[in-house]
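Everything on this sheet refers to the single structure shown next.
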Amino acid sequence: MSRQKHAFLFDLDGTLVDSVYQHVLAWKEALDAEGIDLSVWRIHRKIGMSGGLFTDILLRETGTAITPDRIERLRHNHAQAYGRLAQEGGVRPLPGAVALLAWLTDADIPWAIATSGRMETAAHNLAALGVDPARVPVVTRDQVRHAKPDPDLFVTAAERLGTDIRDAMVIGDAIWDMLAAQRARALGIGLLSGGYGANELERAGAYRVFDDPADLLRHIDEVAARS
């Protein structure tokens, strides 16, 4: 009798694609256009959470009036800036990302992508990664009620794979991924490629932490169930 193979549920930005700092710069540009002065490091600490929650927190921290029109302008301007940065060649797969996904596919281990970004920004990253959302389950912010740190994205991704979320592993680079994994009752695996430290990821619930996808692939026997 074979053991059930745990599904892998991947975050996208900072986990499979080297795009965190492009998002930071895009948000900085969008905030500057609104006359909102916020340090880059403060923006970075929020990357990975729901875009709506992200803008609410940023505007609250700056004491700026939060209006639906302003939030929509921020979202739109961020998407425009990020698209430009991505087209300028600043977004690439992280080391080992393509090989890791190929290994899982060859091993017949199910995997999906769940990102807090909307498809308008995620599409650039998926293209860089060579992932076709028509063939691979991809869950974006557009498709769920709440994004990270709520568990909706990962729960929906597990459902798309036809697997129990409790038999899944969430691979992410931010504390928001690990918090969402805990709330979904999945196993969290952290990567350092998004800029968070190992201690931060572990405190948020990561049971193992690796450098990047290449490091995870080198140690895949430590987390992937064998037949």
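Throughout, residue positions are numbered sequentially from 1 according to the sequence presented.
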Counting distance only, does the side-chain N/O of [X] pair as donor-acceptor with the main-chain N or O of [Y] below 3.5 Å?
{"X": "R183", "Y": "P149", "answer": "yes"}
{"X": "D164", "Y": "R166", "answer": "yes"}
{"X": "S19", "Y": "Q22", "answer": "no"}
{"X": "T121", "Y": "G117", "answer": "no"}
{"X": "Y196", "Y": "R45", "answer": "yes"}
{"X": "K28", "Y": "L38", "answer": "yes"}
{"X": "Q182", "Y": "L179", "answer": "no"}
{"X": "R141", "Y": "V144", "answer": "yes"}

Are side-chain heavy atoms of [X] and [Y] found at a separation under 4.5 Å?
{"X": "F154", "Y": "V139", "answer": "no"}
{"X": "L31", "Y": "I43", "answer": "yes"}
{"X": "S193", "Y": "D211", "answer": "no"}
{"X": "W176", "Y": "I47", "answer": "no"}
{"X": "L192", "Y": "L201", "answer": "yes"}
{"X": "L216", "Y": "R208", "answer": "no"}
{"X": "H6", "Y": "L187", "answer": "no"}
{"X": "V91", "Y": "D18", "answer": "no"}

Looking only at heavy atoms, what is the nearest atom pair of [X] and [Y], with distance?
{"X": "A26", "Y": "L85", "answer": "N-CD1, 4.1 Å"}
{"X": "K148", "Y": "A114", "answer": "NZ-O, 4.5 Å"}
{"X": "A206", "Y": "M178", "answer": "CB-SD, 3.5 Å"}
{"X": "V170", "Y": "A181", "answer": "CB-CB, 3.7 Å"}
{"X": "P110", "Y": "D108", "answer": "CD-O, 3.7 Å"}
{"X": "P93", "Y": "A128", "answer": "CG-O, 3.2 Å"}

Report the C-alpha distance between Q143 and R118 in whole Å, list the side-chain angles of each, state the deciding distance to 0.1 Å, and finish with yes or no for side-chain hydrogen bond (donor to acceptor under 3.5 Å, both in side chains). CA-CA 9 Å; Q143 302 167 27; R118 297 179 184 274; over 6 Å; no
Listed partners of H124 passing side-chain contact (heavy atoms from CB on, under 4.5 Å), at least two apart: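 Per chain and number, H124 pairs via side-chain contact (heavy atoms from CB on, under 4.5 Å) with Y82, A86, Q87.
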Under 3.5 Å, is there a donor-acceptor pair between the T140 and D142 side chains?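 D142 and T140 do have a side-chain donor-acceptor pair below 3.5 Å.
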Nearest 0.5 Å, please: how far is [atom2] in [Y] from [atom1] in [X]?
{"X": "W27", "Y": "D32", "atom1": "CH2", "atom2": "CG", "answer": "13.0 Å"}
{"X": "E200", "Y": "I175", "atom1": "CD", "atom2": "CD1", "answer": "6.5 Å"}
{"X": "I171", "Y": "L12", "atom1": "CD1", "atom2": "CG", "answer": "13.5 Å"}
{"X": "I189", "Y": "E222", "atom1": "CD1", "atom2": "CD", "answer": "10.0 Å"}
{"X": "N77", "Y": "R70", "atom1": "CG", "atom2": "CZ", "answer": "11.5 Å"}
{"X": "L16", "Y": "L94", "atom1": "CG", "atom2": "CG", "answer": "7.5 Å"}

Joint hydrophobic cluster, [X] plus [Y], side-chain heavy atoms closer than 4.5 Å:
{"X": "L217", "Y": "I113", "result": "yes"}
{"X": "F8", "Y": "L153", "result": "no"}
{"X": "V136", "Y": "M119", "result": "yes"}
{"X": "M169", "Y": "L104", "result": "yes"}
{"X": "L191", "Y": "F10", "result": "yes"}

Considering residues, nucleotides and ligands other than R84, do more than 12 of their heavy atoms fall under 6.0 Å from its CZ?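 Yes, CZ of R84 has more than 12 neighbouring heavy atoms, counting only those of other groups under 6.0 Å.
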In this structure, which one of D173, D177, T115 forms a side-chain hydrogen bond (donor to acceptor under 3.5 Å, both in side chains) with T15?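 It is D173, the one option of D173, D177, T115 that forms the side-chain hydrogen bond (donor to acceptor under 3.5 Å, both in side chains) with T15.
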Should V131 and L126 be marked as a side chain to side chain contact (heavy atoms under 4.5 Å, CB included) after you check the CA-CA gap, both sets of side-chain angles, and the distance that decides it? CA-CA 5 Å; V131 169; L126 294 170; 4.1 Å; yes
Show your working on side chain to side chain contact (heavy atoms under 4.5 Å, CB included) between I220 and V223 and close with a plain yes or no. CA-CA 6 Å; I220 196 68; V223 296; 4.0 Å; yes
Show your working on side chain to side chain contact (heavy atoms under 4.5 Å, CB included) between D37 and T62 and close with a plain yes or no. CA-CA 8 Å; D37 185 20; T62 60; over 6 Å; no
Decide side-chain hydrogen bond (donor to acceptor under 3.5 Å, both in side chains) for T105 and W111; before the verdict, give the C-alpha distance in whole Å, the side-chain angles of both, and the deciding distance to 0.1 Å. CA-CA 8 Å; T105 299; W111 59 273; 2.9 Å; yes
Are H23 and H44 an aromatic pair, judged by ring center distance below 6.0 Å?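 No, ring centres 6.0 Å or more apart.
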Verdict with supporting geometry, N199 and V209, side chain to side chain contact (heavy atoms under 4.5 Å, CB included): CA-CA 9 Å; N199 289 340; V209 177; over 6 Å; no
